[in-house]
Amino acid sequence: MLLVLGRRLANIIPTMLAVVALVFLLFSVLPGSFISGMNEDGRSTIDPAVMERMRKEMGLDDPLIERFAKYVAATATGDLGISFRTREPVTKMLAGRIWPSLKLVLAAMTFAILVGVTLGFLAALKPGSLIDTAAMVGAISGLSLSQFWFGLMLMYLFALKLQWLPSFGYGDGGLRNLILPAIALGVGPMALLARTTRAAVLDVLNADFVRTARSKGMSERRVVEWHVLRNALVLVITIVGLQFGSLMGQAVVVEKLFAWPGVGSLMVDSVFQRDMPTVQGCILMIVLFFLVINTLVDLAYVVIDPRIRYR
Amino acid sequence: MRKLAWLAVAAIAVIGAGAANAQQTPRKGGTLRMTAPYAASFGSLDPHVTPRAQDDIVGKALQRSLYNWDTAANKLSLELAKSVSVSADGLTYTYKLRDDAFFHNGRKMTADDVISSFTRIMDGSKGYPGARYVRLIKGAVDVEKGTAKEISGLKKIDDFTLEMTITDRVDPGYYFFGGSTAILPKEEFEKGNYASNPVGLGPFKFKEHIPGSRVSMERFDKFYKTGQPYLDKLEVLIMAEAAARDVAFRNKEIDTSILGPAQYVAYRADPQLSKGILEVAEMFTRSMHMNLGSIKPFQDKRVRQAINYAINADLIISRLAKDKAYRATSWLPSSAASFDKTMKPYPYDPEKAKKLLAEAGFPNGFEFEWTTSQNESWGLPIVEAVIPMLARVGIKAKPKLVEVTVLTEILMKGDHQALISSSLTGPDSLATLRCYYSKTPRTACNYTGFNNAEFDKLLDAAAQEGDLAKRDEILKKANNLLYEEAPVWFFNYNKAVLAFQPWVHGLQPNPTEITHQYPENIWVDASSPAK
């Protein structure tokens, strides 16, 4: 197990290096600069002399290779640079955003797993039934829904009409403010999990070892609990892992809509302002999160299915 | 009987008037929940670091500058000084500073704070945005270059008297009323973490900042305006998404909300919501800049005028902008003191446009590339509406779509034939019109490459004129000349619309930026649901 963990962690380093290079080069060739972003749609004016000073201060006039080398060297020591916009260390800015993002992603995933896996499981146990049809219609709808539109509908229903929950914001960081953005973010993975769970459970239900277990006279409940659930879980965990890992990146729209102070909304703002150090920091954070979650999923396979061994 | 009836009427009138007065008497206490709509976060709470309108929403509560914008009088007024006297040559200003202004850390403001704040802004290694304004003071450039440590044009006479010598005969108020020249306590910004714990002279003191969510502030009891602020708490909530803002406003979770064209229509149509709408012609002019050196037709005044005649701007404002804009008459906005109120915008007259084109030697029109962003109020939707109007007079416009962040860079480089954008055009009319002064480089703001000797002469005369009323008259002539020369297609002035809840009072229609409210004037009545 430790060997697997070691190998997986070692793989993270070249992946991160590639991401650093890609993001840096991409933003270096992108038209526009931080300084023109300060214009704020014509709401502010920019002084050329101040521009010059800022370019110098931020090292924007240095050759690309030199800037890249400096960036990689600094990143290796955990220094993600200074934000062009706030003049604060990017690590400090990210530190303030990680917990709200994690909270949102965890809540969305909890919702997705609880509802999606349960629906998929029930649908597979009674294929063709009303519950199966309803669950699959719900799943397909969930997959096709735009997060923005669905989020607005949630706001309209639960905040404006029913007055049960606040429509936006972080509030005191409690559950009330978390519910609506979490559902809006979690509805896509929920739908995917429902479909995947249904397919996985149906597959296992038709497997030889399940037939054998039944023919041995094992009760249906025991068959499901001991054989079906455990075997179907491998596929479900793969999807959970992939979705979980990518959810922080997907949260951009929901965070902006609900004014949720996560990494996603920081990244979008920074892209529009061409605040490169912050964008790079956000992307690195999201990629790192994805890689760590995938490593954990790999390890979970070994625990769930002892037949799986990594060489 | 008749007497009794009159008495009853009189009594009702008195009671009614009393009720109205009671309604207008500011109530102490309560919380105001304003919104910051221009981005999903604040840039910085250190006002010297940021030039952004979004950040100045909070800045108006936490900080104060030497001057402010008096919305009621529609002019600048002294804020941190009680009086000012000007030397005969118009270059030396002696300020009698307030002796009752305290920072939130309890220390009284003195002339040293003005000097240290302006010296900080001129730190050449930092590139603070406010340097463009402080550079007006004699010797400030030396500090910026690192050849001096002190700004020679700033002299402390005593703790509350400051002498400022400037290099141009301009009104320094225009330079020192924004947040980027706010007066800060040296001992606080020298700590190095000012943005995390901003300490200012404003009516509210900092309580909490949740990045990407909100800034919370509470009343500063030692604020220098007696009895103000009225509110106990002020929250500025970040809400960049218009649709979400709409739901939150209708749900009474926020007290103010900037409206876009779509919401403006809906709110005006709603009998309740329509009662809480504040409108103002902001000092932003939306226009199509013609790069006069790019193609031959743009060099001819008649062609530029023809473009202005060929476009039915009123129709576009009414149909596309949903009346959330005022027709632009000239470069200066209608709220500017130098605006000529007798001026009329170019009428829609395609026949005259054709005639002018023919006179200029382009009877069959010509073709040009029109750079635009996606902006709904002054971007691609507008360009698409204009293209058929121009085609009608023979001009073929080819749109070139770019991201909004790139627009300024293109304008500065002159990589455009024509470009539509929104420009800040106030409140300093002289600085605004300098964008068409021949010696103003393109990188500064002469985006059309305009060069007109008569215009330059007028601007030189205005700069030399010490009498502000006479200066306005000269600038009026310069603005009228610009209208005649038409280096841009004058499209519209932004109509800023702020929706507010019925319990909110004291909002100001600030034409420099409607979201920039001086919150000490705002109060909420007892019906406010905010705790």
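Worth knowing before you read on, the calculation uses all heavy atoms, side chains too, and leaves out hydrogens, waters and symmetry mates. Just so it is clear, the structure is predicted and the values come from calculations on it, not from any experiment.
Contacts with chain A were tallied for B:Asp46, B:Leu45, B:Ile210, B:Val247; B:Val247 has the most, counting heavy-atom pairs under 4.5 Å. Per-residue counts of heavy-atom pairs under 4.5 Å with chain A were compared for B:Arg135, B:Arg250, B:Met283; the largest is that of B:Arg135. Put simply, of B:Gly178, B:Ala39, B:Cys445, the one with the most heavy-atom pairs under 4.5 Å next to chain A is B:Ala39. Considering only heavy-atom pairs separated by less than 4.5 Å from chain A, the leading option among B:Pro211, B:Ala248, B:Ser125, B:Ser44 is B:Pro211. Contacts with chain B were tallied for A:Gly96, A:Gly151, A:Ala259; A:Ala259 has the most, counting heavy-atom pairs under 4.5 Å. Most heavy-atom pairs under 4.5 Å with chain B: of the set A:Gly171, A:Ser83, A:Gly173, A:Ser270, this distinction falls to A:Gly171.
Closest of all the heavy-atom pairs between B:Glu253 and A:Ala159 is OE2-CB, 4.4 Å. The minimum heavy-atom distance between A:Leu152 and B:Ala244, with the atom names listed, is CD2-N, 4.2 Å.
In this structure, the separation between NZ on A:Lys161 and CG on B:Asn251 is 10.0 Å, given to the nearest 0.5 Å. Taken to the nearest 0.5 Å, the CZ atom of A:Phe168 stands 13.0 Å off from the CD atom of B:Glu241. Considering CG of A:Leu257 and CZ of B:Arg245, their distance stands at 11.5 Å, rounded to 0.5 Å.
Neither the backbone nor the side chain of B:Thr50 comes within contact range of chain A, judged by heavy atoms closer than 4.5 Å. For B:Tyr128, the parts lying near chain A are the backbone and the side chain together; criterion is any non-hydrogen pair under 4.5 Å. Contact annotation for B:Leu237: only side-chain heavy atoms (C-beta onward) come within less than 4.5 Å of a heavy atom of chain A. If you measure heavy-atom distances from B:Ser213 to chain A, the contacts under 4.5 Å come from both the backbone and the side chain. Interface remark: B:Ile254 contributes side-chain atoms only to the contact with chain A (heavy atom separation under 4.5 Å). Contacts of B:Arg214 with chain A are made by side-chain atoms alone, with heavy-atom separations under 4.5 Å and no backbone atom involved. Using a 4.5 Å cut-off between heavy atoms, A:Phe148 touches chain B through its side chain atoms alone.
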Check against side chain to side chain contact (heavy atoms under 4.5 Å, CB included), B:Ser196 and A:Glu88: CA-CA 10 Å; B:Ser196 307; A:Glu88 287 184 340; 4.0 Å; yes
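Between B:Glu403 and A:Arg274 there is a salt bridge, since at least one side-chain N of the basic residue sits less than 4.0 Å from a carboxylate O of the acidic one.
Between the side chains of B:Ser41 and A:Asp269, at least one donor N or O sits under 3.5 Å from an acceptor N or O.
Within a 6.0 Å radius of CG in A:Leu162, more than 12 heavy atoms belonging to other residues, nucleotides or ligands are found.
Although no hydrogens or angles enter the test, the distance criterion places a donor-acceptor pair under 3.5 Å between the side chain of A:Arg87 and the main chain of B:Lys126.
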